[in-house]
Amino acid sequence: MEEQKMQKAGSKKKAGRSVLLGAAFLMATSSIGPGFLTQTTVFTQQLAASFGFVILISILLDVFAQVNVWRIIAVSGLRGQEIANKVLPGLGVFLAILIVMGGLAFNIGNVAGAGLGLNAMLGIDPITGAIISAAFAIFIFVVKEAGKAMDKVAQIAGFVMILLMVYVAFTTSPPVGEAIVHTFAPTEISIFAIVTLVGGTVGGYITFAGGHRLLDAGVKGVESLPDVTKSSVTGIVVTGIMRVALFLAVLGVVSQGLAIDPANPPASVFKLAAGEIGYRMFGVIMWAAAITSVVGAAYTSVSFIRSFHPMIEKYHNWVIILFILVSTVTFALVGRPVNILILVGALNALILPLALGTMLVAAYKKDIVGDYKHPLWLTIAGGLVTVIMGVLGIMTLIEQIPLLFK
């Protein structure tokens, strides 16, 4: 009898670890999409070894943002939009609209990326590839244990991407010593690159992806905070490893004086590094990055409207499937609507400061967090990220809106 109890306790602990790792990888793989691959390649071309400094600063900002948001979600036992509505009535609805708009627009890009990934991997037509990929993503939410299936897909895809990326980084023989030196003593600093990286890693729906996943898995309350904090930091570390590996791979190619094709920078790096096999590897990474982003964007966006009506809560998996279908049909019929993506990209820059600022206010409201005392250093660090990203987000919006009328 005692042995059975111990086995049960062991399986509970294992399930807990699996959920924590699943949430971390959901957040990480949601941020590692087609845009992530292109941004990292282009910025490494521009800044060379000094891009290491940008990665370091963005990781620090990402950690402060995620730890704050995940902890407050866990302590309150509420989703982001519910917390925002308690801070200021109607704010949660506004935040939900922004996140669903952003999630839908970016999912069109994610579906396109999945199609391009299968094209590079197997030579399949991009639109056909996008439809096959969407069917795969939908299947995840059709199975009975959708949450567990999503966790597993995110973890496997994450590990595959990291292994392939590290392999390519080794084959390009990058100047690692130079990269380390310039990470701490950069010769050039790009504020735009820092904002882009932070917005792409923890902006928009990604801010809440892991926190909402943990909440749905029943991980909440003050007693869960050490695990929640560990899971949030793990997510950023996974993203950081992927970013550093891609940075080193590109740096190796650039330092050899090889020309990167501007039409498809990341694919070009893989081809230059490992020939035709490298190009196929790019296809695998692109597809894995895109499909996990499709799943993460759909799951998190719908989690923002689940509490708005009992029917959405009851049939939320079918709403997620509809979300993926709309993204896929839009891409298949219209392509990627550039103007919408520009506008939503600019609005996305404002979601992180708005969401993080709201969470920091919530951390000091007893009707939301009870007797919980939020660490002062986390509040200060989170406040700095909110101000920095708020100012730079407004600058981005002012810069991007005129592009809509060109």
Side-chain angles (χ1 to χ4, degrees), residues 28-29 31-48 51 55 106 108-137 153-154 156-176 179 200 238-239 241-295 328 331-332 335-336:
T29 54
S31 68
I32 303 167
F36 175 103
L37 299 174
T38 305
Q39 287 163 7
T40 306
T41 306
V42 170
F43 285 134
T44 304
Q45 269 183 285
Q46 291 171 1
L47 302 171
F51 184 56
I55 293 173
F106 285 120
I108 297 165
N110 293 334
V111 168
L116 292 171
L118 281 184
N119 176 258
M121 199 194 321
L122 303 168
I124 295 170
D125 171 73
I127 291 180
T128 307
I131 293 165
I132 292 167
S133 302
F136 176 83
V153 167
I156 293 168
F159 281 123
V160 168
M161 284 192 282
I162 288 170
L163 286 172
L164 291 178
M165 198 67 84
V166 169
Y167 168 76
V168 173
F170 270 111
T171 61
T172 65
S173 305
V176 177
V238 169
T239 312
I241 291 169
M242 186 75 172
R243 185 89 71 181
V244 169
L246 181 54
F247 158 59
L248 290 174
V250 181
L251 190 63
V253 169
V254 171
S255 64
Q256 289 172 42
L258 300 170
I260 293 172
D261 180 6
N264 194 344
S268 174
V269 167
F270 281 78
K271 203 163 193 175
L272 290 166
E276 193 58 35
I277 293 170
Y279 185 63
R280 302 292 175 201
M281 278 185 185
F282 163 74
V284 175
I285 289 173
M286 181 68 150
W287 184 80
I291 200 70
T292 49
S293 294
V294 168
V295 169
T328 309
F331 169 64
R336 297 172 68 178

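Treat the numbers as computed from the prediction; the structure is a model and nothing was measured.
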Legend entry - Min side-chain heavy-atom separation Ile32-Thr292 under 4.5 Å: no
Inset, instruction - May I have all residue pairs that pass ring pair (Phe, Tyr, Trp, His ring centres under 6.0 Å) and include part of residues 258-278, sequence neighbours excluded? - result: Phe270-Phe282
Inset, instruction - For Thr29, enumerate each residue passing the side-chain hydrogen bond (donor to acceptor under 3.5 Å, both in side chains) test, keeping only those at least two apart in sequence or located in another chain. - result: none
Legend entry - Close side-chain approach of Thr40 and Val250, heavy atoms under 4.5 Å: no
Inset, instruction - Sorted by first residue and then second, give each ring pair (Phe, Tyr, Trp, His ring centres under 6.0 Å) pair with at least one member in residues 109-135; sequence neighbours left out. - result: none
Inset, instruction - Give every residue pair that meets the salt bridge (charged side-chain N to carboxylate O under 4.0 Å, His left out) criterion with at least one member in residues 275-295, sequence neighbours excluded. - result: Glu276-Arg280
Inset, instruction - Check Gly113 against Met286 and note the closest heavy-atom contact, atom names and distance. - result: O-CG, 3.4 Å
Inset, instruction - Enter the distance from Leu248:CG to Arg243:CZ here, rounded to the nearest 0.5 Å. - result: 13.0 Å
Inset, instruction - Verify side chain to side chain contact (heavy atoms under 4.5 Å, CB included) between Leu37 and Met161, making sure each step is shown before the conclusion. - result: CA-CA 11 Å; Leu37 299 174; Met161 284 192 282; over 6 Å; no
Inset, instruction - First locate atom OG1 of Thr41, then atom CZ of Phe36, and finally report the distance between them rounded to the nearest 0.5 Å. - result: 9.5 Å
Legend entry - Separation of Phe51 CZ from Gln46 CD (nearest 0.5 Å): 9.5 Å
Inset, instruction - Run the numbers on Ile285 and Met242 for side chain to side chain contact (heavy atoms under 4.5 Å, CB included), then give the verdict. - result: CA-CA 11 Å; Ile285 289 173; Met242 186 75 172; 4.0 Å; yes
Review item, side-chain donor-acceptor pairs of residues 122-137, under 3.5 Å, at least two apart:
residue: Asp125; atom: OD2; partner: Ile127; partner atom: N; Å: 3.2
residue: Asp125; atom: OD2; partner: Thr128; partner atom: N; Å: 3.2
residue: Asp125; atom: OD2; partner: Thr128; partner atom: OG1; Å: 3.3
residue: Ser133; atom: OG; partner: Gly129; partner atom: O; Å: 2.7
residue: Ser133; atom: OG; partner: Trp287; partner atom: NE1; Å: 2.8

Legend entry - Val168 side chain near Met165 side chain, heavy-atom distance below 4.5 Å: no
Inset, instruction - Tell me, yes or no, whether the heavy-atom count around Ile277 atom CD1, taken from other residues, nucleotides or ligands under 6.0 Å, exceeds 12. - result: no
Inset, instruction - Please report the shortest heavy-atom distance between Ser31 and Ala28, naming the atom on each side. - result: OG-O, 2.7 Å
Inset, instruction - Kindly compute the distance separating OH (Tyr279) from CG (Leu272), expressed to the nearest 0.5 Å. - result: 12.5 Å
Inset, instruction - Compare all side-chain heavy atoms of Gln39 with those of Leu246 and state whether any distance is below 4.5 angstrom. - result: no
Inset, instruction - Please test Val153 against Val295 for side chain to side chain contact (heavy atoms under 4.5 Å, CB included), starting from the C-alpha separation and ending with a verdict. - result: CA-CA 9 Å; Val153 167; Val295 169; 5.6 Å; no
Inset, instruction - Please report the closest heavy-atom contact between Pro174 and Ala169, naming both atoms and the distance. - result: CD-O, 3.1 Å
Per-pair distances, 0.1 Å, donor-acceptor, side chain in residues 252-268, under 3.5 Å, sequence neighbours excluded:
residue: Ser255; atom: OG; partner: Leu251; partner atom: O; Å: 3.0
residue: Ser255; atom: OG; partner: Gly252; partner atom: O; Å: 3.0
residue: Gln256; atom: NE2; partner: Thr172; partner atom: O; Å: 2.9
residue: Gln256; atom: NE2; partner: Gly252; partner atom: O; Å: 3.2
residue: Asp261; atom: OD1; partner: Ala263; partner atom: N; Å: 3.0
residue: Ser268; atom: OG; partner: Asp261; partner atom: N; Å: 2.9

